[in-house]
Structures are given as structure tokens and as C-alpha cells.
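Letters go in sequence order (proteins before strands), and every chain restarts at 1.
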2 protein chains.
Amino acid sequence: MTKKKLLIVEDDENLGQILKEYLEIKGFDTSLARDGEEGLSEFNSNSYDLCILDIMMPRKDGFTLAREIKLLNKEMPVIFLTAKSLKEDTIEGFKIGADDYVTKPFSMEELLLRIQAVLRRSTGTTTEVKSTYTFGRFTFHYDQQLLLFGDEKQKLTSKESELLRLLCQNINKTLDRSAALKYIWKDDSYFNARSMDVYIAKLRKHLKKDDNIQILTIHGEGFKLVSLN
Amino acid sequence: MTKKKLLIVEDDENLGQILKEYLEIKGFDTSLARDGEEGLSEFNSNSYDLCILDIMMPRKDGFTLAREIKLLNKEMPVIFLTAKSLKEDTIEGFKIGADDYVTKPFSMEELLLRIQAVLRRSTGTTTEVKSTYTFGRFTFHYDQQLLLFGDEKQKLTSKESELLRLLCQNINKTLDRSAALKYIWKDDSYFNARSMDVYIAKLRKHLKKDDNIQILTIHGEGFKLVSLN
DNA sequence: ATGGGGATTTAACAATATTTAACATGTAGC
DNA sequence: GCTACATGTTAAATATTGTTAAATCCCCAT
């Protein structure tokens, strides 16, 4: 059995370091990021089995980061670290889909037990964040920003790729407008929303080669990439 | 024989986890949601054989969740978990259509027996929440928001699709106005109710191609999609 | 630094979806 | 029949999304 990969995002240097060392001794493979932004790019560049996120962090808080992580991988297990055991915080956390919640100060043993519990229950369900997607007669290489249709190659722009990836990652489910905007455009504003609409149009144009693939509009909510057959 | 799928909705992390683990050992395939909202979206995205719902939960209580589940699948077996054995609670529960009722604290064995009993009596009746409905000469693809009549394709809007799905799911039965409003419009208010009436009119217009299909008004209660022959 | 050229955003206008309003009709209870 | 209230119907008012093109931004080669 291979080592489980943990992503720790914690802005307190000391605590972060202690966590990392302790968990590595306990046989995990860990990465440490210092804030939400760094955490997201770390998450994007490697694949993990579980994320441990501090809530209060500079640049991007743990809740926001968790939402973005779940956008890419709904099943990714997340454990939050929080200073206070505020009820609202807890509720907000579980709304996002926290798998567990640890209130500081906590003992390393406690955290370890919770990590093991979460991993035990989520074994096998963990969906990797892929970089290649197949739907209908298309193959989409996110890495290379390339959309293949048979032997036709279509080069995509960065924004097109980002958006198509989110749609693929949520195939046959509704991709929330606001979540996608915050993820790709970093901000849900009027103009960004219009920009997104323009990109949806571009993607629809690319995808119209296959009738079985469609991007549906869910009015007031978002978009859904649907694949028949 | 394949594993039965159970949906557990319980906000107490400990109890939820214990239930999940115990029932999995007993050979069930289980999912655990932490509150009513999460429970509903879980229910919507997978198909289950039985739901075990706690009553007192944040965001959306078990009764409300049960009503919404029954809206999508009247036959879905439901077992309620409740802290107190309040008479009103029990009555309210059975009114909704509880199949059983377990008062905390309870033993795992007791719950297991009840689950098995409910499953035994409901075997085979479990109606899947489909995404394609056929009635009269129509075929309705909820996923694609598409209503087919022979080779005529009618594209539906999101709201039309949501409403038609509820009607289909309750075909030849009365769809409760208030329940539908809370489900689709998230809120039963005067204006939303009028909006719903407008959409009923739209659907009637679409459905008038087939005389054998009608949306009846059940005054003061709701609407009923009836299919003759 | 400068200009070309693709990528992205902004703008303007069109088309749809949804809600609100106004008025008509129907139903139940008295 | 009369009243109160629920529903039917249609159209106007809003809000959201679609579409296209111009304006801007950004990167890179010169």
C-alpha cells in the first residue's frame, strides 16, 4: 500500500511545520502551503488524498479554498482547523462539505485519528483530478489546451481551457456560475460574468461538431455540460 | 443480489459515523449527509433504496427533507430518527409517510431489524428517480430539458423542466402546490405561486398536442398530471 | 521601446426566461 | 346569488443570457 498524500494549508509557520513533521513520521506524504492561494496552486499541481485547511488565513481563507477544491473534485476529503468553535463557522464548513472539524488547540493524536477515520471512509471514492477528459467524440487535454475531435485538433485559449475543465469535472451536473467565476476570474462581478458568457458561446461553437454534447443553461444557476449516450 | 443503498442524514458527526460503519459492516452501501440540504442534493445525485433521516438538523429538518424526497419518489422508504418520542412528531412523521420510527437512544440491532423489515416489504416497489419520462405520446428528457412529441422537439426552460419533472414523478397523483413551490422556487410566497400558475399554463400549452394528457387542477391542493389509456 | 497579433474584456444590442401586474374566470361556502 | 379566495390568461416589466464586434490588454519579436 502506497503512502497517502496530504495537503496542509496553514499560515502559522510553527504549527504548519510541526504538523508536517508529525504526519510524515506517521507515514504520510505531505505538502505544506502558507496561505489559500498557495494552497490552491499546490492542489492544482499535484494529486492528494486529503486536505487539511486552516480557516483564517491571509489572501484566501480556508472556506473559499475548500469551495474551489470541491469544484475540481467534489469527493476530496477536507478537514478544517479552526481557532474558535463558532457554531456559524461549523455550519458554514459542513455546508461546503467538510469531512471533519478540529478546534485548536488540539492534540496531534486527535488529528491523526480523524485523518485516519476520514481516509478509511473515503477509500476508493477519491476521484483524481484528471487532465484528460473524454466526452462524446471529443478528447480534451487540459494541460495542452487542446480539444481533439477525431483527427481534428483545436487549440484552446487559457480561459477556454479553464472553463471547459470545470464543466468536464462537473459533467452532467450544474456548474455554479458564481463558483466558476470566483475560481477562474477570481471575482464574481458583472463584467466577469459577461466575459464568462462570451466564453460559453466560444465553447458551444467548438462543441457543436457533436450533437450528443451540449452546454445547457440552468437559468440563474449556471451551466451544465451534458453528454447523451 | 446487489447491495442495498442507504442514505443516512444525521448532523451528529459521531452518531452518523457509527451508523455508517455499522451498516456497512452489515453489508449495505451507505452515504452520509450532515444536514437536510446536503441530504437532498445527495438524494438527487444518486439512487437509494432507503433513507434514514434525523429529524432535528440545521438548515433543513428531517420532515421537510422527507417531504421533498417523497415529491421525487413517493415510494421511497424512510425511517426517522428522533431524540424524543413526542406524539406530535410521530404523527407528523407518519403523515408524511414514514415507514418506521426509531427513538434515540436505540440499539444498532434494533435499527438493523427495522431496516430489514422495511426493505423486505418494499422490495421491488422502489421507483428509481428517472431522468426520462414517457406519457401519452410524449417523451420528456429532464436532463436535456427536451420534450419530444413524435419527431417534434420542444426545448423547455429550466423552470418548465423542473415543474414537469415533479408532475411526471407524481403522475396520476396530486402534486402539492406548496411542496412544489418550496422545492422549485425555494419559498412558498404569493408571487412565486402566481409564477407557478403561469408555468402550469405554459406546460398545458405544450401538452395540448395529445388529448390523452392533461394537467388537472385540484382546487386548493395542487395539480395532477393525468394520462388516459 | 515599439508594433503586431492573439487573448481577453467591454460594449451594444438581440433574444429568452422569469416575474409581476391586471383583469377574467371559476369554485366553495354561506 | 353573493362574497372571498383560488386559479386562468395574457401582456408588460425585469432580469438573465446570447451574440457579435470593437476596444483593450498582454506578450513577444524586432
Side-chain angles (χ1 to χ4, degrees), chain A residues 142-147 153-167 174-208 213-226, chain B residues 140 142 144-147 153-167 174-208 213-226:
Chain A
Y142 168 73
D143 289 343
Q144 307 163 54
Q145 308 193 341
L146 220 52
L147 181 63
K153 288 185 186 182
Q154 174 63 56
K155 190 135 179 40
L156 300 183
T157 71
S158 328
K159 282 268 163 19
E160 287 173 335
S161 296
E162 291 293 336
L163 187 51
L164 183 53
R165 177 168 73 148
L166 286 191
L167 286 166
T174 301
L175 171 63
D176 185 73
R177 271 191 90 93
S178 175
L181 277 167
K182 284 186 202 136
Y183 187 83
I184 301 177
W185 278 265
K186 309 300 175 198
D187 176 26
D188 178 351
S189 71
Y190 172 79
F191 285 119
N192 286 340
R194 297 322 322 271
S195 198
M196 174 166 166
D197 289 331
V198 171
Y199 277 94
I200 287 289
K202 288 178 197 283
L203 288 180
R204 281 186 172 133
K205 205 162 288 171
H206 288 137
L207 297 180
K208 72 162 172 262
I213 297 296
Q214 275 178 282
I215 297 178
L216 289 189
T217 302
I218 312 300
H219 193 99
E221 298 190 35
F223 298 96
K224 178 156 74 167
L225 179 66
V226 297
Chain B
F140 167 47
Y142 168 73
Q144 305 165 57
Q145 310 190 336
L146 215 55
L147 181 64
K153 288 184 188 185
Q154 174 63 56
K155 216 169 151 13
L156 300 183
T157 72
S158 314
K159 283 265 158 36
E160 287 172 336
S161 297
E162 291 292 337
L163 186 50
L164 184 52
R165 177 169 74 147
L166 287 191
L167 287 165
T174 300
L175 170 64
D176 184 73
R177 271 191 89 92
S178 176
L181 277 167
K182 283 187 205 136
Y183 188 83
I184 300 177
W185 278 266
K186 310 297 177 200
D187 176 26
D188 178 351
S189 71
Y190 172 78
F191 285 120
N192 286 340
R194 296 321 323 271
S195 200
M196 175 167 165
D197 288 331
V198 171
Y199 276 93
I200 288 289
K202 288 178 197 283
L203 289 181
R204 281 184 171 135
K205 206 161 288 173
H206 287 137
L207 297 180
K208 72 164 173 262
I213 296 296
Q214 275 178 284
I215 297 178
L216 296 186
T217 302
I218 312 300
H219 192 96
E221 299 188 35
F223 298 96
K224 178 153 71 167
L225 179 65
V226 295

Does the side chain of [X] get closer than 4.0 angstrom to OP1 or OP2 of [N] through an N or O atom?
X	N	result
Lys159(A)	dT9(C)	yes
Trp185(A)	dT9(C)	yes
Lys205(A)	dT20(D)	yes
Thr157(B)	dT18(C)	yes
Thr217(A)	dG18(D)	yes

* **Given Tyr199(A), Tyr183(A), Tyr142(A), the one that forms side-chain hydrogen bond (donor to acceptor under 3.5 Å, both in side chains) with Glu162(A)** => Tyr142(A)
Starting at [atom1] of [X] and ending at [atom2] of [N], how long is that distance when rounded to a whole Å?
X	N	atom1	atom2	value
Asp187(B)	dT20(C)	CG	P	11 Å
Leu203(B)	dT7(D)	CG	P	16 Å
Leu163(A)	dT17(D)	CG	P	14 Å
Ile218(A)	dT16(C)	CD1	P	18 Å
Tyr199(B)	dG8(D)	OH	P	16 Å
Leu181(B)	dT18(C)	CG	C1'	14 Å
Asp188(B)	dT19(C)	CG	P	14 Å
Leu175(B)	dT7(D)	CG	C1'	15 Å

* Would you say the side chain of Leu156(B) lies within less than 4.5 Å of the side chain of Phe140(B), judging by non-hydrogen atoms? -> yes
* Does the side chain of Leu163(A) reach to within under 4.5 Å of the side chain of Ile184(A), using non-hydrogen atoms? -> yes
* Which part of the nucleic acid, if any, lies within reach of Lys155(A) when heavy atoms closer than 4.0 Å are counted: base, sugar-phosphate only, or nothing? -> nothing
* Asked: When all nucleic acid strands are considered with a 4.0 Å heavy-atom cut-off, which category describes Ser195(A): base, sugar-phosphate, or nothing?
  -> base
Which protein N or O atoms sit under 3.5 Å from an N or O of nucleotides 23-30 of chain C?
none

* Check whether any side-chain N or O of Ser161(B) sits under 3.5 Å from a backbone N or O of Gln145(B) as a donor-acceptor pair, and report yes or no. => no
* So, does Asp188(B) use its side chain to make a donor-acceptor pair with the main chain of Leu181(B) at under 3.5 Å? -> no
* Measure from the side chain of Arg177(A), starting at C-beta and using heavy atoms only, and say which of dT17(D), dT10(C), dT7(D) lies closest. => dT17(D)
* Asked: Asp197(B) has a side chain; which of dT8(C), dG18(D), dT9(D) sits nearest to it?
  -> dT9(D)
* **Pairing of Arg165(A) and Asp143(A) as salt bridge, 4.0 angstrom limit** => no
* To do: Verify side chain to side chain contact (heavy atoms under 4.5 Å, CB included) between His206(B) and Glu160(B), making sure each step is shown before the conclusion.
  => CA-CA 10 Å; His206(B) 287 137; Glu160(B) 287 172 336; 3.2 Å; yes
